[in-house]
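So the structure is just underneath, and the comments pick up after that.
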Number of protein chains: 2
Amino acid sequence: MIGDRVLDCCALPHTSAVEDTLRVVFVRAGRSEPVSTSALADALHVSAPTVSIMLKRLTAAGLLRRTDGHLAALTDHGAAHARDVVRRHRLLEAFLAQELGVPWDEVHAEADALEHAVSDRLLDRIDRHLGRPERDPHGDPIPRGTGGLDEDWGVRLDAAPAGSAFDVERVYDRDSAALRYLADLGIHPGVRIDVTGRQPFGGPLWVRIGTIEHALGDPLTHLVHGRVVA
Amino acid sequence: MIGDRVLDCCALPHTSAVEDTLRVVFVRAGRSEPVSTSALADALHVSAPTVSIMLKRLTAAGLLRRTDGHLAALTDHGAAHARDVVRRHRLLEAFLAQELGVPWDEVHAEADALEHAVSDRLLDRIDRHLGRPERDPHGDPIPRGTGGLDEDWGVRLDAAPAGSAFDVERVYDRDSAALRYLADLGIHPGVRIDVTGRQPFGGPLWVRIGTIEHALGDPLTHLVHGRVVA
DNA sequence: GCCGATCATTAGTCTCCTCTAACTACCGGT
DNA sequence: ACCGGTAGTTAGAGGAGACTAATGATCGGC
């Protein structure tokens, strides 16, 4: 690991396992999703015992608290570390997409591997090179300095009423295949969608992008956040 | 590790320890420098026993041969792997220098950290983005495809006769401080130097860059390779 | 109030990478 | 022939990170 991390203070190695865990806890908490052992194991592609041990280490290092049940929540200290990791991750995503044309659905995985190897100095060069961008390709805010992180998720696409227009602001980036599908449809941050209708009983949402109409199931609409404009 | 390495075939994890060892053995062998346990330990910043164990693993995996004494030499298979690592390293150096303006003496350390995290796909994007460069910022050739690697080192600066001109082609990049010093003097690949004289008994070499004259000791002149032109 | 499902943790093991300390093998000088 | 220094290896240890298998805890349904 090159360069000094701003928060290299606690008795923990800044390995990818530690950093990835912090990042996922941070992001899930920001989305108000439950941060359980099994959910983390799923997101981090490791077994539940591996997560259990890691959470214990993070707790011992004062980065994490166990809340009611067995859920995890970051301490202020832990959140500061995690913010730094998220910043590296999202800035790299922006760089890969804008500078190298890496497709939308690939940037997450590439950034995941690179984020642990980039020095602070290099990251700042990237930041300057991009002109201090505020959002990554999925519309997620890139934390900067000590300012608050805008975690306003707007509304989910499936909450938009039939007949309304919807401005896409953020698209959740966990599932690469779904992301690729949405990209093929032309759904990405900055695009306006016309919500034409909805089938009853959990049926698909009908949307029009440009002149073409598509039916989207819930697993897809749940990924898309933004604002109803009309 | 994202993406498949071309040569992901032997029973070894492609970790940074393994890859770094292969790269250093490859480069030292290319410079006809002895590849001894202690030399590797020094270059890799680990202890001699660590190297000893790693060499044993690489030998068991068929990537390495032990030659007379205890020296190490890559097998064809090992050299192919090492070439791939060197390619990643030098291409990243070129990218960091050209695209992000990372100073000459810093690119090596940054590339060292990144080279293990870059996927083949991303590396190819970088390659295309740079227009398939042939040399890294130190003048070292970037291996490509299966073509032979140009390891022509020309002559060392200290071999240039007094009164001659010398075109710098390559500057060895191990010692960052020395590199920074040479950069400050304006000595880098592509520059022409006038060799004005040499003190006897191993004294410094006098060179003129532009209008300024400098005295360079052997530790510095040994890093600079190129051609005598007049 | 019990039963089964789900979830988290503990227990035990493995590999990789690193270290220090001790030992061995070789080589040159006397 | 011996003695000392240098280089390489072996021995022993430990931390990080991962796994499977087994155990404990919790909660809903009947």
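In what follows, every chain begins at residue 1, and chains take the letters A, B, ... in the order their sequences are listed.
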Pair Glu106(A)-Ser176(A), side-chain donor/acceptor within less than 3.5 Å: no
Length of the line joining His116(B):NE2 and dC16(C):P, which is rounded to integer Å: 17 Å
Shortest non-hydrogen separation from Glu93(A) to Ala111(A) and the atoms involved: CG-CB, 3.6 Å
Measure all distances between protein nitrogen or oxygen atoms and nitrogen or oxygen atoms of nucleotides 6-10 of chain C, and list the pairs falling under 3.5 Å.
{"from": "dA8(C)", "atom 1": "OP1", "to": "Thr37(A)", "atom 2": "N", "distance (Å)": "3.0"}
{"from": "dA8(C)", "atom 1": "OP2", "to": "Ser38(A)", "atom 2": "N", "distance (Å)": "2.7"}
{"from": "dA8(C)", "atom 1": "OP2", "to": "Ser38(A)", "atom 2": "OG", "distance (Å)": "2.8"}
{"from": "dA8(C)", "atom 1": "O3'", "to": "His70(A)", "atom 2": "ND1", "distance (Å)": "3.2"}
{"from": "dT9(C)", "atom 1": "OP1", "to": "Arg66(A)", "atom 2": "NH1", "distance (Å)": "3.3"}
{"from": "dT9(C)", "atom 1": "OP1", "to": "Arg66(A)", "atom 2": "NH2", "distance (Å)": "3.1"}
{"from": "dT9(C)", "atom 1": "OP2", "to": "Thr37(A)", "atom 2": "OG1", "distance (Å)": "3.1"}
{"from": "dT9(C)", "atom 1": "OP2", "to": "Ser52(A)", "atom 2": "OG", "distance (Å)": "2.7"}
{"from": "dT9(C)", "atom 1": "O5'", "to": "Ser52(A)", "atom 2": "OG", "distance (Å)": "3.1"}
{"from": "dT10(C)", "atom 1": "OP2", "to": "Lys56(A)", "atom 2": "NZ", "distance (Å)": "2.4"}

Nearest-nucleotide comparison on DNA chain D, the residue closer to the 5′ end among Pro13(A) and His45(A): Pro13(A)
Interatomic distance where CG belongs to Leu58(A) and P belongs to dA16(D) [whole Å]: 12 Å
side-chain N/O Ser47(B) vs dC19(C) OP1/OP2, d < 4.0 Å: yes
d(CZ, Arg57(B); C1', dT15(C)) in whole Å: 8 Å
Rounded distance in Å - CG (Leu44(A)) to P (dA16(D)): 18 Å
Aromatic plane relationship, His14(A) with His81(A) - under 30° parallel, 30 to 60° tilted, over 60° perpendicular: tilted
Within 45° cone and under 6.0 Å: Arg83(A) NZ/CZ vs Phe26(A) ring: no
Arg31(B) to Trp153(B) six-membered ring, cation-pi geometry met (6.0 Å, 45°): yes
Over all atoms of both residues, closest heavy-atom pair of Pro141(A) and Arg170(A): CD-NH2, 3.3 Å
